[in-house]
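Below, read A as the first sequence line, B as the second, and so on, with proteins coming before strands; counting in each chain starts at 1. Side chains included, hydrogens not; waters and symmetry mates left out as well; all remaining heavy atoms used.
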There are 2 protein chains.
Amino acid sequence: MNENAAAAAGPTAAINPCGACPVRGLAVCGVLEPDELHALAEIVHEVQRVHRQSVIVEGDEAHNFFIVTGGVASVEKLLADGRRQVVGFLYPSDFFGLAIDGCYAYSVTAVTNLSLCRFERQRYLALIDRFPKLEHRLLGMASNELAASQEQMLVLGRKTAREKVASFLSMLSERSRRLGRPPSPVWIPMTRGDIGDYIGLTTETTSRKFTQLRKEGLIAVLPDAMIELLDPAELKRIADGG
Amino acid sequence: MNENAAAAAGPTAAINPCGACPVRGLAVCGVLEPDELHALAEIVHEVQRVHRQSVIVEGDEAHNFFIVTGGVASVEKLLADGRRQVVGFLYPSDFFGLAIDGCYAYSVTAVTNLSLCRFERQRYLALIDRFPKLEHRLLGMASNELAASQEQMLVLGRKTAREKVASFLSMLSERSRRLGRPPSPVWIPMTRGDIGDYIGLTTETTSRKFTQLRKEGLIAVLPDAMIELLDPAELKRIADGG
DNA sequence: CGCGTGATTGAACGATTTCAAAAGATGTGG
DNA sequence: CCACATCTTTTGAAATCGTTCAATCACGCG
């Protein structure tokens with residue numbers, strides 16, 4: 001496995017240092033000056049996962065902290081009978097692995113092939129002590145996530161199936177824009193099932209609503225899992241219950 | 001209004017300093033040593049609200065940061081047509097008012113008579129600079145909130161009405177225990193409508209499920225909005241989909 | 001006592017789910 | 001490059017859980 005090979009050779013950052021990282025600036029690391037980066041590079045390991053592989057499992061001891069550098073992952077919680085709630089999708093520059101009581105409260109699974117930076121908890125905490133601005137940035141990003149979670153509660157609790165799908169598409173488009181990419185088309189590599197488990201619908205209903213929006217000329221499905229928003233304003237209007 | 005009277009007279013902490021605060025230790029303030037508390041006491045204002053009064057409004061500029069010291073408040077988001085999602089209930093020691101882009105992303109309304117500590121944003125940020133452990137504590141509490149939000153997404157997206165109500169009761173009982181109070185009976189001063197807007201049900205369905213649990217002997221409704229959990233383990237089992 | 005608010009209960013309805021099947025996409029090995 | 005196996009999406013029809021609409025009940029308060 002790539003991870004083990006990298007670990008055996010020591011931190012891979014020595015070979016491909018953070019200086020060349022495509023998501024630096026957007027991620028937590030963005031607050032560090034170039035001359036401070038080496039402290040981070042010293043403790044980072046690069047990790048790969050393929051489609052459907054697990055990264056962390058709900059309930060496991062939280063030994064690591066991760067930043068996504070490439071690909072998409074899902075954050076999910078399970079009920080005993082197999083019902084699943086996806087609580088978020090992670091794109092490059094997103095982080096995960098903060099744990100309160102020492103155990104992860106969710107699982108993370110690769111939706112596509114996935115590249116990650118992994119930091120050991122102890123060494124990462126030491127770094128936070130050394131650079132308080134890292135903690136400041138972390139609080140900022142956690143606040144953002146909290147706001148996104150609350151928005152998603154509104155989607156889950158009070159929106160119709162049609163509004164849910166429109167919200168999902170608008171949210172991804174907006175996120176794409178925030179990350180410096182075009183707001184359309186958006187890359188949606190997750191299955192209808194993954195999406196349904198995110199917005200609280202079944203695979204079938206999710207598919208039906210996508211089809212409906214497509215027939216209405218609001219979206220177009222392109223090759224390579226790209227979806228084009230043909231009328232972003234109208235989609236946003238639908239998403240907002242209008 | 002109490003708030004204005006207090007403001008005119010200067011920080012009320014001079015009269016009733018943080019040293020006597022019932023929720024210190026549980027709240028953010030808990031990390032400060034007694035001799036550091038006066039720095040906090042200097043910038044705090046005590047604020048009161050009555051039943052149904054608004055504390056902050058979604059979209060307003062975020063000038064303040066609050067800690068609940070007494071009573072219960074609801075955190076909510078609205079859709080244009082009036083649909084409401086309650087994203088959380090605030091009990092003593094909870095905080096709110098962190099804002100990312102300078103505006104509140106939710107409204108906060110008093111469910112009961114409510115007592116709050118209010119901090120002006122600027123002065124609070126200055127204090128964080130001075131005491132980094134405040135920020136550390138804030139990150140810890142934000143992480144907790146984030147985990148609670150994700151748990152609530154599971155409730156909203158994937159649980160049945162019966163499981164939702166059982167989850168709500170179990171959650172409040174657990175929270176009561178964490179705050180050093182008995183896990184039963186729990187104080188539930190919010191209406192069936194408030195609860196329904198929190199767990200994604202109508203008033204009627206919420207009421208029906210409460211009645212059902214009562215008839216099954218799992219809960220008892222006591223005077224003064226207290227609800228007793230007669231079989232916490234079974235309620236938890238129901239909540240977990242079991 | 002009468003009013004207003006919130007809780008409860010009943011009955012009909014409907015949006016989404018469930019069950020079932022077929023069509024389309026993707027990847028593998030020969 | 002094809003044929004097969006697997007996974008995903010789509011579509012249809014029936015069933016269901018929660019909603020909606022409406023009426024009644026219960027409690028606190030002026």
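- A 4.5 Å side-chain heavy-atom check between A:F96 and A:V55 finds at least one atom pair inside the cut-off.
- Between A:T202 and C:dT17 there is a side-chain N or O to OP1 or OP2 distance below 4.0 Å.
- Note on A:S207: every side-chain N or O is 4.0 Å or more away from OP1 and OP2 of D:dT9.
- Annotation for A:D224: atom CG does not count as buried by contact number, only 12 or fewer foreign heavy atoms lying within 6.0 Å.
- Counting non-hydrogen atoms under 4.0 angstrom, A:G200 reaches the backbone sugars and phosphates but no base.
- Using a 4.0 Å cut-off between charged nitrogen and carboxylate oxygen, A:R52 and A:D194 count as a salt-bridge pair.
- Distances from the side chain of B:R192 to the nucleotides D:dG18, C:dT8, C:dT16 place C:dT8 closest.
- Distance CE (A:M226) to P (C:dA25): 18 Å, rounded to an integer number of Å.
- Residue B:T211 has a polar side-chain atom (N or O) positioned under 4.0 Å from OP1 or OP2 of C:dT9.
- Between the base of D:dG18 and the side chain of B:R162 there is no donor-acceptor pair shorter than 3.5 Å.
- As rounded to whole Å, 9 Å separates atom P of D:dT19 from atom CD1 of B:I199.
- In this structure, the CD atom of A:E204 is 13 Å from the P atom of D:dT11, given to the nearest Å.
- Rounded to whole Å, atom P of D:dA26 lies 12 Å from atom CZ of B:R214.
- At whole-Å resolution of the value, CD1 in B:I188 and P in C:dG6 are 17 Å apart.
- Atom CZ of A:R208 is separated from atom P of D:dA14 by 13 Å (rounded to the nearest Å).
- The CD1 atom of B:I195 sits 6.0 Å away from the CE atom of B:M190 when rounded to the nearest 0.5 Å.
- Along DNA chain C, the nucleotide closest to A:T205 and the one closest to A:D224 are compared, and the more 5′ of them pairs with A:T205.
- Looking at which nucleotide of DNA chain D each of A:F210 and B:K159 is closest to, the 5′-most match is held by A:F210.
- Following rounding to the nearest Å, A:K209 (NZ) and D:dT11 (P) show an atom-to-atom distance of 13 Å.
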Stepwise side-chain contact (heavy atoms from CB on, under 4.5 Å) test for B:E76 and B:D197: CA-CA 9 Å; B:E76 48 206 38; B:D197 282 344; over 6 Å; no
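- Closest-nucleotide positions on DNA chain C for A:A161 and B:T206 were compared, and the one nearer the 5' end corresponds to B:T206.
- Computed from coordinates, the A:R158 CZ to D:dG18 P distance equals 13 Å when rounded to whole Å.
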